[in-house]
Amino acid sequence: MKNISLMGATGSIGTQTLDVIREHPEEFRLTAMSVGKNIDGARKMIQEFNPSVVSVQIEEDAIKLRNEVPPGVKVLFGEEGLVQVACHQDADILVNAVLGSVGLYPTLQAIEAGKTIAIANKETLVTAGHIVMEAAGKKGVPLLPVDSEHSAIFQALQGEKEKNIEKLIITASGGSFRDRTREELIGVTVEEALNHPNWSMGAKITVDSASMMNKGLEVIEARWLFDIPYDKIDVLQHRESIIHSMIQFHDTSVMAQLGTPDMRVPIQYALTYPDRLEREGKKRLNLAEIGNLHFEEMDFKRFRCLGLAYDAGRTGGSMTTVLNAANEAAVALFLENKISFLGIEDMIERALNEHEVIQNPDLETIREIDKKTRLTVSRWI
Ligand code: NDP
Ligand code: MG
């Protein structure tokens, strides 16, 4: 039996993590969870999973919830609440499925507490990969990828040596706008951006997929998870999302991991690694039914965000903190209909251009830059 603490339980990854727990009650138990503002969702989860600790985003909701939950359930809020969930004494593994760099500090605390981390929350690695990886290395804490591309690479690496990698090939579905020209991206709506062809995900990552920033964030995530330089990370458009990523080795051999697009597979693998668990009755991959797989070069001109992410990654230091914070702020503005879709990349580029990079920033500097960048971007409208 593995005890799981889950940050971001009400999100797309969070609810699919609960599916995995629900499908294997004899293997997993939910000991602690956090939500943001979806208190109704939290109520149902508390009833079904009976965790000992629950954290919500704001105090007002915590007070409300405290009056309703069974006496054994502790209700907390804010960053301290997230930390308590992340570090829960009974937890064997933390699933970090919260959205955004708000996941950074609790992750570092969980590493300090010696918890194994299953990480979906890519913004944490983009904003402060050097700190997270160093802390995990020092503590000997495993960081298990949940993102499908990184799980694919991690699975293809089993039994292999990282030194034999020639390059990583991260696949990209292309997102909602993969068949549009640059001109056709002018004036696209939020609704259109949220209509992803292959995956059902949270709003922010769906917009990131449409702008190709998601792939940019994933390139940076891969750089940290697999300790590999940017010139050895390629991105390839693959519209079916069947090959989740590949490794090319020095001997020219290529290892790929395939599967139907279902996030419960990489979530479950992170929870069972190095073992695997039966997924009874679930759809198996049928390549004959799919027939053809397609691959295309990435278009760096049509989607500027991917190039911006590579550049920020190569510059390193605080530049990726700015990239992430500007993107989080700009995507939120787009989702509120306050800026256009192409306005997202304009804002990120401006934030990067105006930033003077600090190499090897410490946690405090990162938190300051993150806050300042969000504030600056929100003042531009
Ligand atoms: P969602 O938007 O669906 O869910 C985000 C979760 O985080 C919700 O539980 C939300 O709470 C909570 N949350 C948001 N902001 C805060 C905050 N300030 N404080 C506390 N909790 C907060 O996101 P996804 O599940 O799509 O994505 C989560 C992470 O996983 C992201 O980093 C994403 O990039 C990554 N990821 C997602 C994939 C997917 O398929 N969805 C695939 C690969 C990676 P509430 O809703 O209650 O307000
Ligand atoms: Mg992904």
Side-chain angles (χ1 to χ4, degrees), residues 1-78 80-99 102-103 106-107 110 115-121 144 146 199-205 262-273 275-283:
M1 173 73 77
K2 265 187 194 165
N3 286 322
I4 294 167
S5 57
L6 172 60
M7 295 201 298
T10 38
S12 160
I13 294 291
T15 51
Q16 293 182 86
T17 304
L18 295 176
D19 287 344
V20 173
I21 297 175
R22 194 180 286 122
E23 280 160 24
H24 303 283
E26 68 296 342
E27 303 287 339
F28 307 121
R29 188 185 109 74
L30 184 74
T31 68
M33 62 173 231
S34 81
V35 307
K37 296 199 168 144
N38 181 354
I39 301 308
D40 278 341
R43 283 191 184 100
K44 288 184 193 128
M45 290 168 185
I46 294 169
Q47 219 169 28
E48 182 178 354
F49 294 97
N50 193 31
S52 343
V53 174
V54 175
S55 178
V56 299
Q57 202 170 329
I58 55 171
E59 186 172 15
E60 207 185 317
D61 286 336
I63 294 169
K64 236 189 269 169
L65 211 53
R66 262 179 211 141
N67 294 324
E68 302 172 18
V69 297
V73 184
K74 202 161 145 189
V75 181
L76 306 166
F77 65 93
E80 182 48 31
L82 281 176
V83 170
Q84 294 295 321
V85 168
C87 301
H88 190 274
Q89 56 181 17
D90 296 341
D92 300 301
I93 182 163
L94 164 67
V95 178
N96 178 355
V98 78
L99 179 72
V102 65
T107 303
K115 305 293 178 193
T116 297
I117 317 273
I119 190 146
N121 174 219
L144 304 169
V146 168
W199 299 91
S200 157
M201 309 181 285
K204 190 257 180 184
I205 187 176
D262 181 346
M263 284 309 296
R264 279 164 286 219
V265 179
I267 293 168
Q268 180 173 301
Y269 187 67
L271 295 181
T272 61
Y273 171 80
D275 221 329
R276 291 183 187 269
L277 267 183
E278 165 74 24
R279 295 193 74 226
E280 251 177 66
K282 296 293 178 302
K283 190 170 164 52

Are the side chains of [Y] and [X] in contact, using a 4.5 Å heavy-atom criterion?
{"X": "E26", "Y": "H24", "result": "yes"}
{"X": "V73", "Y": "N50", "result": "yes"}
{"X": "V54", "Y": "V69", "result": "no"}
{"X": "M45", "Y": "T10", "result": "yes"}
{"X": "I13", "Y": "T17", "result": "yes"}
{"X": "M263", "Y": "S12", "result": "no"}

State the [atom1]-[atom2] distance between [X] and [Y], to the nearest 0.5 angstrom.
{"X": "E48", "Y": "L30", "atom1": "CD", "atom2": "CG", "answer": "9.5 Å"}
{"X": "T107", "Y": "I117", "atom1": "OG1", "atom2": "CD1", "answer": "6.0 Å"}
{"X": "D19", "Y": "I267", "atom1": "CG", "atom2": "CD1", "answer": "8.0 Å"}
{"X": "Q268", "Y": "R279", "atom1": "CD", "atom2": "CZ", "answer": "6.0 Å"}
{"X": "Q89", "Y": "S52", "atom1": "CD", "atom2": "OG", "answer": "8.5 Å"}
{"X": "N96", "Y": "L144", "atom1": "CG", "atom2": "CG", "answer": "12.5 Å"}

Flag, side chain of [X] to backbone of [Y], donor-acceptor distance under 3.5 Å:
{"X": "N121", "Y": "V98", "value": "yes"}
{"X": "D92", "Y": "N3", "value": "yes"}
{"X": "D275", "Y": "L277", "value": "no"}
{"X": "K2", "Y": "I93", "value": "no"}

So, for [X] and [Y], which heavy atoms are closest and what is the spacing to 0.1 Å?
{"X": "L18", "Y": "A9", "result": "CD1-O, 4.1 Å"}
{"X": "R66", "Y": "L76", "result": "NH2-CA, 4.2 Å"}
{"X": "L6", "Y": "G14", "result": "CD2-O, 3.7 Å"}
{"X": "S5", "Y": "A86", "result": "OG-O, 4.0 Å"}
{"X": "T272", "Y": "F28", "result": "CG2-CZ, 3.8 Å"}
{"X": "M7", "Y": "S34", "result": "CA-OG, 3.2 Å"}

Q) Is it true that D262 and K283 make a salt bridge, defined as a side-chain N closer than 4.0 Å to a carboxylate O? A)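 Answer for the salt bridge query: no.
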Q. Would R264 and E23 pass as an ion pair if we require N to O under 4.0 Å?
A. no
List the atom pairs, with distances to 0.1 Å, where a side-chain N or O of residues 56-64 and a protein N or O form a donor-acceptor pair under 3.5 Å, not counting sequence neighbours.
none

Heavy atoms of other groups near [X] [atom1], more than 12 under 6.0 Å:
{"X": "E280", "atom1": "CD", "result": "no"}
{"X": "E80", "atom1": "CD", "result": "yes"}
{"X": "K37", "atom1": "NZ", "result": "no"}

Q) Distance only, no hydrogens: is a donor on one side chain within 3.5 Å (strictly under) of an acceptor on the other, for T31 and D90? A) no
Q) Sequence neighbours excluded, which residues qualify as ring-ring contact (aromatic ring centres under 6.0 Å, His included) partners of Y269? A) Y273
